[in-house]
Amino acid sequence: MALLLTNADVAQVLTMDDCLHVLAQAFVDLAEGRAANRPRSHTFTPLAPGQFYLFKSMDGSWPRARVHALRLSSDRIEEVVEGGILKRRKPPVASGNRWLGLVLLFNIDTTELMAIMQDGYLQRMRVGATSGLAARCLAPPGTRVAGMFGTGWQAGAQLLALRRVLPDLQLVRVYSPDPERRWAFAREWSERLGI
């Protein structure tokens, strides 16, 4: 029987250190042809002018861990023009004012479904860890200052990862078009990380 895991369940067990460690191994295996990946695909279904249903999926296999994962999301998209700029919004229209994203995890030996997980927290940590690994590879040793674009929901995980891979980090310059969100983000994460 497959495990059913909520975002809260995943948050209780997935640390940034674990995510960095596992992703580093998986990226090496993928680069060396010992893993498989199908990039994300999008299916847009027009509903009305500027409104779409969007189904996204991506998947990959990691033989070292004996797993194959399928990530999918079911969304509504609205296109709006603000200040002459076309923007896409993804309103939370699933029950409970939420979005719907899932990861299905399969055992590649038995072919059985092992888990169905909400993807929110997992995705946030994966994106943050991926950026952290890039910073670890590209930033010179002793880097003390970093820059970030955005203060959205995923930005916090970006900072968690940067803090882990850049131990001398003292200052992060955050760029965001919304000054109020930018300052709130800076205050919160300055307190949380002590930088």
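Worth knowing before you read on, the calculation uses all heavy atoms, side chains too, and leaves out hydrogens, waters and symmetry mates.
Of all non-hydrogen atoms in Leu70 and Ser57, the two that sit nearest each other are CD1-CB, 4.3 Å. Minimum heavy-atom separation, Gly150 to Ala155: O-CB, 3.6 Å. Across every non-hydrogen atom of Ala115 and Ala2, the tightest pair is N-CB, 4.0 Å. In terms of heavy-atom proximity, Ala146 sits nearest to Leu162 at CB-CD1, 4.3 Å.
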Give every donor-acceptor pair under 3.5 Å between a side-chain atom in residues 15-27 and any protein atom, sequence neighbours left out.
| from | atom 1 | to | atom 2 | distance (Å) |
| --- | --- | --- | --- | --- |
| Thr15 | OG1 | Asp18 | N | 3.0 |
| Thr15 | OG1 | Asp18 | OD2 | 3.1 |
| Asp17 | OD1 | Arg164 | NE | 2.7 |
| Asp17 | OD1 | Arg164 | NH2 | 3.3 |
| Asp17 | OD2 | Arg164 | NH2 | 2.9 |
| His21 | NE2 | Gln25 | NE2 | 2.9 |

Just distance, no hydrogens or angles: give the donor-acceptor pairs under 3.5 Å from side chains in residues 42-49, sequence neighbours left out.
| from | atom 1 | to | atom 2 | distance (Å) |
| --- | --- | --- | --- | --- |
| His42 | NE2 | Arg40 | NE | 3.3 |

Could you list the donor-acceptor pairs under 3.5 angstrom formed between side-chain atoms of residues 130-137 and any protein atom two or more places apart in sequence or on another chain?
| from | atom 1 | to | atom 2 | distance (Å) |
| --- | --- | --- | --- | --- |
| Thr130 | OG1 | Arg126 | O | 2.8 |
| Ser131 | OG | Val127 | O | 3.4 |
| Ser131 | OG | Gln158 | OE1 | 2.7 |

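Heavy atoms of other residues, nucleotides or ligands lying less than 6.0 angstrom from CZ of Arg64 number more than 12. Counting heavy atoms of neighbouring residues, nucleotides and ligands inside a 6.0 Å radius, atom CD of Glu180 does not exceed 12 of them.
Checking side-chain atoms of Ser190 against main-chain N and O of Ala186 turns up a donor-acceptor pair under 3.5 Å. Side-chain atoms of Thr143 come within 3.5 Å of backbone atoms of Pro140 as a donor-acceptor pair (strictly under, hydrogens ignored). Remark: side-chain polar atoms of Arg182 are paired, donor with acceptor, to backbone N or O of Ser176 under 3.5 angstrom. Judged purely by atom type and a 3.5 angstrom limit, Asn7 uses its side chain to pair as donor or acceptor with the backbone of Gly120.
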Ile116 and Leu3: CA distance, side-chain angles, deciding distance, side-chain contact (heavy atoms from CB on, under 4.5 Å) verdict: CA-CA 6 Å; Ile116 300 172; Leu3 293 172; over 6 Å; no
Check against side-chain contact (heavy atoms from CB on, under 4.5 Å), Arg71 and Gln123: CA-CA 10 Å; Arg71 179 174 176 233; Gln123 169 66 357; 3.4 Å; yes
Taking it one step at a time, do Glu79 and Arg88 satisfy salt bridge (charged side-chain N to carboxylate O under 4.0 Å, His left out)? CA-CA 5 Å; Glu79 293 180 337; Arg88 278 195 178 147; 3.1 Å; yes
One pair to check against side-chain contact (heavy atoms from CB on, under 4.5 Å): Arg163 and Ile195. What are the steps and the verdict? CA-CA 9 Å; Arg163 189 70 169 132; Ile195 58 173; 3.4 Å; yes
Set out, in order, the CA-CA distance, both residues' side-chain angles and the distance that settles side-chain contact (heavy atoms from CB on, under 4.5 Å) for Leu105 and Met117, then state yes or no. CA-CA 8 Å; Leu105 189 65; Met117 299 172 271; 4.1 Å; yes
Hey, mind stepping through Asp59 and Arg38 against salt bridge (charged side-chain N to carboxylate O under 4.0 Å, His left out) and telling me if it holds? CA-CA 5 Å; Asp59 65 278; Arg38 179 184 57 85; 2.5 Å; yes
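By the criterion of side-chain heavy atoms lying less than 4.5 angstrom apart, applied directly or through intervening Ile, Leu, Val, Met, Phe, Trp or Tyr residues, Leu193 is grouped together with Val165 in one hydrophobic cluster. Note on Leu100 and Ile77: separate hydrophobic clusters, where clusters join Ile, Leu, Val, Met, Phe, Trp and Tyr whose side-chain heavy atoms are under 4.5 Å apart, directly or indirectly. The cluster map of Ile, Leu, Val, Met, Phe, Trp and Tyr, joined by side-chain heavy atoms under 4.5 Å apart, puts Leu104 and Leu14 in different clusters. There is a path of hydrophobic side-chain contacts, each under 4.5 Å, that joins Val174 to Leu169. When hydrophobic clusters are built by joining Ile, Leu, Val, Met, Phe, Trp and Tyr residues whose side-chain heavy atoms come closer than 4.5 Å, directly or via intermediates, Val67 is grouped together with Val10.
Between Glu32 and Leu30 the shortest side-chain heavy-atom distance does not fall below 4.5 Å. In this structure the side chain of Leu102 never reaches within 4.5 angstrom of the side chain of Asp119, judged on heavy atoms. Side chains of Leu72 and Lys56 form no contact here, defined as non-hydrogen atoms less than 4.5 Å apart. Contact of the Trp153 side chain with the Arg124 side chain is registered, since non-hydrogen atoms from C-beta on lie closer than 4.5 Å. Proximity of Ile108 to Pro63: side-chain heavy atoms (C-beta onward) are separated by under 4.5 Å at one or more points. The shortest side-chain heavy-atom distance between Asp178 and Phe185 does not fall under the 4.5 Å cut-off.
Remark: Phe149 engages Tyr175 in a ring pair (Phe, Tyr, Trp, His ring centres under 6.0 Å) (not counting sequence neighbours). Taking Thr110 as the reference, Asn107, Glu112 meet the side chain to side chain contact (heavy atoms under 4.5 Å, CB included) condition, with sequence neighbours excluded.
Every pair tested for salt bridge (charged side-chain N to carboxylate O under 4.0 Å, His left out) that includes a residue from residues 151-161 fails, sequence neighbours excluded, so the list is empty.
Between Asp109 and Arg66, at least one side-chain nitrogen of the basic residue sits less than 4.0 Å from a carboxylate oxygen of the acidic one, meeting the salt-bridge criterion. For Lys87 and Glu82, the salt-bridge test passes: some basic side-chain N is under 4.0 Å from an acidic carboxylate O. Using a cutoff of 4.0 Å between basic side-chain nitrogens and carboxylate oxygens, Glu191 and Arg187 are not scored as salt-bridged.
How far OG of Ser74 is from CG of Leu54: 8.5 Å, rounded to the nearest 0.5 Å. The line from CG of Asn37 to CH2 of Trp62 is 13.5 Å long, rounded to the nearest 0.5 Å. Here the straight-line distance linking atom CG of Leu122 with atom CG of Asp9 works out to 12.0 Å at 0.5 Å rounding.
Between Asp75 and Trp99, the side chains place no donor N or O within less than 3.5 Å of an acceptor N or O (distance only, hydrogens not considered).
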